[in-house]
Amino acid sequence: MPASSGDFAILNLKVVEGEGGVYAPGSRATRGITLEVTDESGRPVPGVSVSFQLPSEGASGEFSSGSRTEIGTTQADGRVSVWGMRWNKVPGTVSVRITAAKDTVRAGLVSTQYIDAAAANDNSSRIARGGHSKMVFIALAVAGAAGAGVAAGALRNSKAAAATPVQAVTIGTPVAIIGGPQ
């Protein structure tokens, strides 16, 4: 059960998603920062005003609104999120100051994000090593084998087709077997 107004003396803040994100300079955040606010008993506190503030200089960025500050309110589950930060091109540690307030109770913490030129290189090398392109190649191979199986089946059923058995194709794990009954 969520804490109601006046039922708490302490706000506990915890970043439950997005802490320690590493981004390429000039990129947009691929995930947000989600904060959970609970009372001293661990119950979620709804209706808390939460401010997320990016640094004014150095490694930083701006929120999708174009501002360095974004304000949200916790929902019934005590959580609030910010998304779509556009990082600047200055490498380094981004200390996102988070401040929460409800009634006369206040709390704060810092969430750390990183802008790192190596992050851009990691993404391109992952694709070059076969990350996404490997999956595309496997999908194309399966589709090609399926097409060959359909064509062979059609030939087998036609009067002009020779009695050539369809060759089953096995591709990796999980096993996909393509071909007609032998």
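Atoms considered below: every heavy atom in the structure, side chains included; atoms not considered: hydrogens, waters and symmetry mates.
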side-chain hydrogen bond (donor to acceptor under 3.5 Å, both in side chains) with Thr38: which residues, sequence neighbours excluded? none
Joining Ile, Leu, Val, Met, Phe, Trp and Tyr whenever any side-chain heavy atoms lie under 4.5 Å apart, the cluster holding Val90 also takes in none
Contacts of Thr73 that satisfy side-chain contact (heavy atoms from CB on, under 4.5 Å) - sequence neighbours left out: none
Can you name the residues that form a side-chain contact (heavy atoms from CB on, under 4.5 Å) with Ala107, not counting sequence neighbours? Leu11, Leu13
Contacts of type side-chain contact (heavy atoms from CB on, under 4.5 Å), residue Ser27, not counting sequence neighbours: Tyr23, Ala24, Trp87
Mind jotting down which residue pairs meet the ring-ring contact (aromatic ring centres under 6.0 Å, His included) criterion with at least one end in residues 56-85? Sequence neighbours excluded, please. none
According to the salt bridge (Lys or Arg N to Asp or Glu O under 4.0 Å) rule, which pairs have a member within residues 78-100, sequence neighbours left out? Glu36-Arg79
With sequence neighbours excluded, what pairs up with Gln75 under the side-chain hydrogen bond (donor to acceptor under 3.5 Å, both in side chains) test? none
Could you pull out all residues at least two apart from Glu70 that satisfy salt bridge (Lys or Arg N to Asp or Glu O under 4.0 Å)? none
Applying side-chain contact (heavy atoms from CB on, under 4.5 Å) to Glu40 and not counting sequence neighbours gives Phe8, Ala9, Ile10
Using a 4.5 Å cut-off between side-chain heavy atoms of Ile, Leu, Val, Met, Phe, Trp and Tyr, which other residues end up in the same hydrophobic cluster as Val22? Tyr114
What pairs of donor and acceptor atoms, side-chain ones from residues 47-57 against any protein atom, are under 3.5 angstrom apart with sequence neighbours left out?
none

Using only heavy-atom distances, determine whether the side chains of Thr99 and Arg106 contain a donor-acceptor pair under 3.5 Å. no
